[in-house]
Amino acid sequence: MIPANVIERLRCADHVVVLTGAGVSAESGVATFRDPDGLWAKFRPEELASMTGFLANPERVRDWYAHRLHVVDSVEPNAGHHALAALERLVPSFTLVTQNVDRLHQRAGSMNVLEVHGNLVENRCNDCGWIDDAHQAELQCKTCFGPMRPNVVWFGEDLPHDVWVQAEEATRRADVMFSIGTSAQVYPAAGLPYLAKDHGAFVIEVNPDSTELTPYAHAHLRGPSGVILPELISELTAA
Ligand code: NAD
Ligand code: ZN
């Protein structure tokens with residue numbers, strides 16, 4: 001049962017912003033990072049998701065990302081992804097800010113998606129920034145022969161500037177802000193729901209667990225996004 005004030009806020013909203021994290025893809029079979037059986041429990045982040053790790057052993061890093069790409073290519077978007085694509089078509093203006101690198105939102109039909117941590121599909125030249133979207137890992141840049149790397153944001157790296165500026169701008173205009181399937185620990189993305197609240201948005205968290213954001217959210221819909229979000233869409237579209 002979705003609280004009545006959540007549905008009311010959504011019915012009145014001009015602009016809805018959604019921040020998603022790894023939890024949204026958990027029901028598709030993609031491991032999250034910080035849960036006890038998550039990816040970081042098995043691997044050392046600094047060896048796999050940092051420039052130091054890449055320079056020390058580019059093959060190992062490329063292999064790991066090739067493996068993750070293979071995993072996300074072999075799974076399907078779940079009911080939560082589909083519900084968010086449906087929500088985009090039900091409200092006047094909608095921005096989906098995702099920390100996920102798996103492209104499952106786009107595959108479910110979401111259109112206005114800002115990937116603040118990049119994605120697993122593209123590779124980028126580490127020297128000149130040229131982006132190869134060929135879905136395969138070239139080792140060297142075609143332009144400057146610099147080393148190609150996954151187009152994801154690693155520890156210690158800045159977020160893609162233009163994408164981040166758009167995410168902040170959308171967040172400031174939000175009437176309703178969702179934080180879904182994210183442990184709300186990775187900044188600056190985790191700061192967006194607070195920014196939205198400061199600008200008057202109604203903040204809704206969707207997560208089976210509590211996070212640092214929970215005490216600040218106006219509503220906490222406790223449960224898996226693949227269950228909660230379809231329920232929300234059916235209540236929103238009910239007469
Ligand atoms: P996280 O692993 O830190 O947190 C996942 C959150 O999802 C937890 O709070 C957990 O309680 C919640 N969760 C678990 N199952 C859920 C479900 N069925 N429905 C809703 N919520 C559920 O993930 P994060 O906050 O996204 O931060 C981790 C970083 O890892 C991000 O930067 C992201 O780029 C990256 N990452 C991406 C993917 C992906 O693209 N699918 C996978 C793992 C990690
Ligand atoms: Zn280059």
Side-chain angles (χ1 to χ4, degrees), residues 18-43 45 48-49 64-65 67-69 71-73 75-81 83-84 97-108 113-121 123-132 138-155 157 159-160 163 178-193 204-214 217 220-232:
V18 176
L19 171 68
T20 63
V24 168
S25 297
E27 290 155 272
S28 291
V30 185
T32 59
F33 275 178
R34 282 171 191 74
D35 293 325
D37 59 347
L39 291 169
W40 290 155
K42 298 187 187 126
F43 301 103
L48 296 166
W64 190 60
Y65 279 93
H67 166 72
R68 288 183 62 195
L69 178 58
V71 169
V72 303
D73 274 348
V75 302
E76 296 298 326
N78 65 55
H81 295 109
L84 289 174
V97 181
T98 188
Q99 301 169 87
N100 293 348
V101 293
D102 56 27
R103 288 274 160 105
L104 289 173
H105 285 303
Q106 291 92 332
R107 283 172 56 197
V113 183
L114 297 174
E115 293 175 319
V116 289
H117 291 169
N119 64 76
L120 292 171
V121 174
N123 285 283
R124 179 174 91 230
C125 172
N126 200 43
D127 292 347
C128 76
W130 176 70
I131 288 178
D132 184 1
E138 293 284 345
L139 297 184
Q140 275 190 329
C141 174
K142 285 184 183 145
T143 316
C144 78
F145 306 106
M148 295 299 290
R149 53 164 284 178
N151 190 21
V152 295
V153 176
W154 283 335
F155 288 98
E157 294 185 329
L159 274 52
V163 177
F178 283 92
S179 175
I180 309 178
T182 169
S183 60
Q185 283 177 26
V186 183
Y187 281 81
L192 292 176
I204 305 165
E205 182 172 49
V206 179
N207 198 310
D209 293 331
S210 296
T211 69
E212 281 172 26
L213 176 68
T214 309
H220 179 196
L221 310 181
R222 192 181 280 277
S225 47
V227 174
I228 301 282
L229 294 175
E231 210 177 301
L232 186 134

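All ligand and atom numbering here is 1-based and tracks the order in the structure. Only this structure's heavy atoms are used, side chains among them; waters, hydrogens and symmetry mates stay out. When a residue number appears, it is its place in the shown sequence, counting from 1.
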Indicate, as side chain, backbone, both or neither, the part of [X] found under 4.0 angstrom from ligand 1 when only non-hydrogen atoms are considered.
| X | answer |
| --- | --- |
| Val30 | side chain |
| Ala190 | neither |
| Ser25 | side chain |
| Val101 | both |

Please report the shortest heavy-atom distance between [X] and [Y], naming the atom on each side.
| X | Y | result |
| --- | --- | --- |
| Ser210 | Arg222 | OG-NH2, 3.0 Å |
| Leu120 | Tyr65 | CD2-CD2, 3.5 Å |
| Asn100 | Ala22 | OD1-N, 3.0 Å |
| Trp154 | Ala49 | CB-O, 3.3 Å |

Output the list of atoms in ligand 1 that are nearer than 4.0 Å to some heavy atom of [X], sorted by atom number.
| X | result |
| --- | --- |
| Gly21 | 26 (O) |
| Pro208 | 13 (N), 16 (C), 20 (C), 21 (N), 22 (C) |
| Pro224 | 17 (C), 18 (N), 19 (N) |
| Glu27 | 17 (C), 18 (N), 19 (N) |
| Ala22 | 23 (O), 24 (P), 26 (O), 38 (C), 42 (C), 43 (C), 44 (C) |
| Gly181 | 5 (C), 6 (C), 7 (O), 20 (C), 21 (N) |
| Val186 | 27 (O) |
| Ala31 | 42 (C), 43 (C) |

query = Touching ligand 1 at all, Gly226? Heavy atoms, strictly under 4.0 Å?
reply =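 Gly226: no contact with ligand 1 (<4.0 Å).
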task = To the nearest 0.5 angstrom, please state how far the CD1 atom of Ile228 sits from the CD atom of Glu205.
result =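 That separation rounds to 11.5 Å.
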task = Supply the atom-to-atom distance Leu159 CG to Gln99 CD, rounded to the nearest 0.5 angstrom.
result =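 One gets 9.0 Å once the value is rounded to the nearest 0.5 Å.
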task = Could you tell me the angle subtended at the Zn ion (ligand 2) by SG of Cys125 and SG of Cys144, rounded to 10°?
result =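 Nearest ten degrees: 100°.
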message = Need one value: angle at the Zn ion (ligand 2), Cys128 atom SG versus Cys141 atom SG, rounded to 10 degrees.
response =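 Rounding to the nearest 10 degrees gives 110°.
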message = Do Ser225 and Glu27 make a side-chain contact, defined as non-hydrogen atoms from C-beta onward lying under 4.5 Å apart?
response =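 When only atoms from C-beta onward are counted, Glu27 and Ser225 do touch, with a gap below 4.5 Å.
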message = Can a donor-acceptor pair be found, under 3.5 Å and without considering hydrogens, that links the side chain of Arg124 to the backbone of Asp127?
response =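 Pair absent, no side-chain N/O of Arg124 close to backbone of Asp127.
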ask   = Would Glu115 and Gln106 count as having a side-chain donor-acceptor pair, cut-off 3.5 Å?
value =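 On atom types as modelled, these side chains qualify, holding a pair under 3.5 Å.
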request  = Assess the side chains of Thr98 and Thr20: does a donor N or O sit below 3.5 Å from an acceptor N or O?
outcome  =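 Checked: Thr98/Thr20 side chains pair up, N/O donor to acceptor below 3.5 Å.
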query = Has ligand 1 got any nitrogen or oxygen that is less than 3.5 angstrom from a nitrogen or oxygen of Arg68?
reply =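 No, no N or O pair falls under 3.5 Å.
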query = Can you find an N or O of Thr211 that's nearer than 3.5 Å to an N or O of ligand 1?
reply =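 No, no N or O pair falls under 3.5 Å.
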query = Relative to each other, are the rings of His81 and His105 parallel, tilted or perpendicular (30° and 60° limits)?
reply =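 Rings of His81 and His105: perpendicular, over 60°.
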